[in-house]
Amino acid sequence: MSFLSNIRRHPMAINLLAGSAAFLAYASMYAFRKPFTAASFEGLHLAGIDYKVWLVIAQVMGYMLSKVRGITWIAEIQRHRRARTLAGLIGFAWLALLGFALVPAPWNIPLLFLNGLPLGMVWGVIFGYLEGRRGTELMGACMCASFIVGSGVVKSVGMWLMVRWQVSEFWMPFATGMLFIPPLCVATWILEHLPAPDASDVAARSMRVPMDAATRRAFLARFLPGIAMIVMAYVALTVTRDFRDNFAAEIWSDLGRGGDASVFTETEVPIAIAVLIITAFTMIVRDNLRALMLNHVLIFGGFTIAVLATWMHDHAMIDPLGWIGLSGFGLYLAYVPYNATFFERMLATFQVSGNVGFVMYIADSSGYMGSVAVILVKEFGGVHLSWAAFYAQTVMTLSGIGMLITLVSALYFYDKARRAKMPAAVPAAA
């Protein structure tokens with residue numbers, strides 16, 4: 001405990017420690033969610049559809065319902081319940097992976113639904129330790145880097161277990177999760193012992209408290225048009241990013257790199273480092289409205305990079321590695337601000353007493369509904385495109401829509417903040 005006591009005297013040390021612990025905790029969560037996507041399950045079909053597609057749909061359905069439940073559940077969670085809640089969520093998901101290994105295919109598909117059911121609430125539990133601080137951008141950027149690195153690393157670990165140790169495709173997800181239990185425990189212990197936001201944090205941002213039903217209704221009434229735009233842009237991002245993540249093995253196979261374990265991290269690690277640095281630097285912008293506008297710039301820029309990278313690949317100007325890397329960088333440059341800084345600065349700009357989890361879970365639940373819909377269209381809607389071609393069309397279409405919505409969102413929030421700062425009119429003298 002003396003180590004943490006010394007750390008408390010140095011704000012930047014707290015930021016880095018908290019960010020590192022959040023990164024490790026959330027990256028460990030991916031070990032219980034994403035390893036199965038590294039397997040191909042070749043030769044398995046159900047009703048004429050690839051068995052793996054059914055697995056992805058089942059898990060994303062569970063994850064989506066978890067996000068829907070999290071809209072109220074995360075908004076109301078108390079600080080003292082976070083650690084045991086996190087342990088319960090991960091433990092349930094791990095037991096579902098054990099069932100997936102034990103129950104023969106295709107009867108084990110519902111086990112992936114049960115696996116996804118608790119995992120959607122892990123983000124809210126972990127981010128609750130970080131929000132409402134002057135260093136939230138740095139901490140949040142570190143945590144969100146795990147979105148990029150964690151998924152690639154656990155898929156590489158899963159592939160390694162199958163190739164090096166001959167672990168079956170069905171036991172590999174459970175075995176991968178087991179390897180990440182110790183780092184998850186260490187990270188959770190550190191997060192539990194972080195100091196609460198101090199008076200300077202509260203003054204710079206806003207008080208972060210649980211939100212009851214009346215508070216949530218008032219928040220929605222105040223920001224409904226802006227929240228609607230945020231949700232639409234976030235759906236476009238989630239659909240594209242999630243498709244790239246869930247079907248990375250199939251996309252790389254189309255591009256001639258199938259079965260290569262290193263490819264999952266070859267593109268993702270540089271993306272994570274670049275996005276982490278860019279997002280963390282928004283911490284130096286003290287004015288909350290300017291920071292909120294800067295977040296819009298990053299999101300718009302991310303959409304633009306994804307579109308340009310895809311256009312360049314279509315015109316043979318960059319190779320497949322460059323395309324997947326650059327398009328991924330653009331998508332994550334747009335995606336990470338929503339998960340790390342956008343809502344943090346939104347609440348601070350308008351001095352809202354509440355928490356990021358409520359509005360984030362509205363966006364997230366909508367995003368995963370869109371993700372399920374796109375997978376269903378791909379498989380049942382008569383779309384006859386390869387995985388790589390479908391990904392390219394999704395990037396071009398949804399990123400273009402996202403760019404337009406982001407511009408309108410920036411105008412809305414800037415105008416609303418400007419009006420909020422205008423002094424009330426003084427009645428004319430009689």
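This is a predicted model, so every value here is computed, not measured.
When all heavy atoms are compared, the tightest approach of Met12 to Met283 is CE-CE, 3.9 Å. Listed here is the closest heavy atom pair of Ala187 and Ala25: CB-N, 3.7 Å. Residues Ala272 and Ala145 come closest through the heavy atom pair CB-O, 3.9 Å. Closest approach of Leu289 and Phe413 over heavy atoms only: CD1-O, 4.4 Å. In plain terms, the two heavy atoms of Met369 and Met64 that are nearest each other are CG-SD, 3.1 Å. Nearest heavy-atom pair, Ser399 versus Leu331, reported as atom, atom and distance to 0.1 Å: OG-CD2, 4.2 Å.
The aromatic rings of Tyr338 and Phe342 lie tilted to each other, with the angle between the two planes from 30° to 60°. In this pair, Phe174 and Trp171 present their aromatic rings perpendicular. The plane angle is above 60°, beyond the 30 to 60° band. Using cut-offs of 30° and 60° for the angle between ring planes, the Phe41 and Phe170 rings count as tilted. Using a 30° and 60° split on the angle between ring planes, Phe243 and Phe390 fall in the tilted class, from 30° to 60°. Using a 30° and 60° split on the angle between ring planes, Trp160 and Trp165 fall in the perpendicular class, above 60°.
Thr240 places a side-chain N or O within 3.5 Å of a backbone atom of Ala236 that can act as its donor or acceptor partner. Side chain of Asn115 to backbone of Ala96: no donor-acceptor contact under 3.5 angstrom is found. The closest donor-acceptor contact from the side chain of Arg33 to the backbone of Gly116 lies at 3.5 Å or more, if one exists at all. Side-chain N or O atoms of Ser365 include one that pairs as donor or acceptor with a backbone N or O of Ile362 at under 3.5 Å. Distance alone, capped at 3.5 Å, is enough to place a donor-acceptor pair between the Lys67 side chain and the Gly120 backbone. Side chain of Arg82 to main chain of Gly128: a donor-acceptor pair is present (N/O by atom type, distance under 3.5 Å, no hydrogens or angles). In this structure, the side chain of Trp54 engages the main chain of Leu46 through a donor-acceptor pair within 3.5 Å. Side-chain atoms of Ser146 come within 3.5 Å of backbone atoms of Met143 as a donor-acceptor pair (strictly under, hydrogens ignored). Without hydrogens or angle criteria, Ser66 side chain to Met121 main chain gives a donor-acceptor distance under 3.5 Å. A donor-acceptor pair is defined here as one N or O able to donate and one able to accept, closer than 3.5 Å; no such pair exists between the side chain of Asn15 and the backbone of Met139.
The shortest distance between side-chain heavy atoms of Lys52 and Ser40 does not fall below 4.5 Å. Ile324 has its side chain within reach of Trp252: a pair of non-hydrogen atoms, C-beta onward, lies under 4.5 Å apart. Contact of the Tyr129 side chain with the Ile190 side chain is not registered, since no non-hydrogen atoms from C-beta on lie closer than 4.5 Å. Val53 has its side chain within reach of Phe247: a pair of non-hydrogen atoms, C-beta onward, lies under 4.5 Å apart. For the pair Met61 and Tyr368, the minimum side-chain heavy-atom distance is 4.5 Å or more. You'll find the side chain of Arg205 reaches within 4.5 Å of the side chain of Asn288, heavy atoms only. The side-chain heavy atoms of Trp73 and Val125, taken from C-beta on, include a pair separated by under 4.5 Å. In this structure, the side chains of His296 and Tyr414 stay at 4.5 Å or more apart for every pair of heavy atoms.
The distance between the ring centers of Phe223 and Phe350 falls below 6.0 angstrom.
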>> Applying ring-ring contact (aromatic ring centres under 6.0 Å, His included) to Phe358 and Phe343, what does each step give before you reach the verdict?
In response: CA-CA 10 Å; Phe358 171 57; Phe343 297 120; over 10 Å; no
>> salt bridge (charged side-chain N to carboxylate O under 4.0 Å, His left out) for Arg345 and Glu137? Distances and angles first, verdict last.
In response: CA-CA 9 Å; Arg345 292 294 195 156; Glu137 281 83 358; 2.4 Å; yes
> So Arg286 and Arg134, side chain to side chain contact (heavy atoms under 4.5 Å, CB included) or not? Walk me through it.
Replying inline: CA-CA 9 Å; Arg286 294 299 180 187; Arg134 288 164 292 172; 4.1 Å; yes
>> I'd like to know whether Asp242 forms a salt bridge (charged side-chain N to carboxylate O under 4.0 Å, His left out) with Lys34, so could you lay out the CA-CA distance, the side-chain angles of the two residues, the decisive distance to 0.1 Å, and finally the verdict.
In response: CA-CA 11 Å; Asp242 211 43; Lys34 289 293 185 180; 3.8 Å; yes
> Does the side chain to side chain contact (heavy atoms under 4.5 Å, CB included) test come out yes or no for Asn339 and Val336, once each step is laid out?
Replying inline: CA-CA 5 Å; Asn339 287 267; Val336 166; 5.7 Å; no
>> Run the salt bridge (charged side-chain N to carboxylate O under 4.0 Å, His left out) test on Glu268 and Arg244 for me, step by step, so that the C-alpha distance in whole Å, both residues' side-chain angles and the decisive distance to 0.1 Å come before the verdict.
In response: CA-CA 12 Å; Glu268 309 308 277; Arg244 177 183 182 273; 2.9 Å; yes
> What do the steps show when you test Leu119 against Ile90 for side chain to side chain contact (heavy atoms under 4.5 Å, CB included), and what is the final call?
Replying inline: CA-CA 7 Å; Leu119 293 179; Ile90 296 294; 3.9 Å; yes
>> Apply side chain to side chain contact (heavy atoms under 4.5 Å, CB included) to residues Phe127 and Ile74 and explain how you reach the verdict.
In response: CA-CA 10 Å; Phe127 196 80; Ile74 292 295; over 6 Å; no
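Under 3.5 Å, the side chains of Thr72 and Arg69 contain a donor-acceptor pair of N or O atoms. If you check the side chains of Ser371 and Tyr63, you find no donor sitting under 3.5 Å from an acceptor. With 3.5 Å as the limit, one finds no donor-acceptor pair spanning the side chains of Arg208 and Asn355. A donor-acceptor contact under 3.5 angstrom links the side chains of Tyr51 and Asn108, judged on distance only.
Atom CZ of Arg81 is surrounded by more than 12 heavy atoms from other residues, nucleotides or ligands within 6.0 Å. Within a 6.0 Å radius of CZ in Phe380, other residues, nucleotides and ligands contribute more than 12 heavy atoms. Shown here is Met207, whose CE atom has no more than 12 heavy atoms of other residues, nucleotides or ligands within 6.0 Å.
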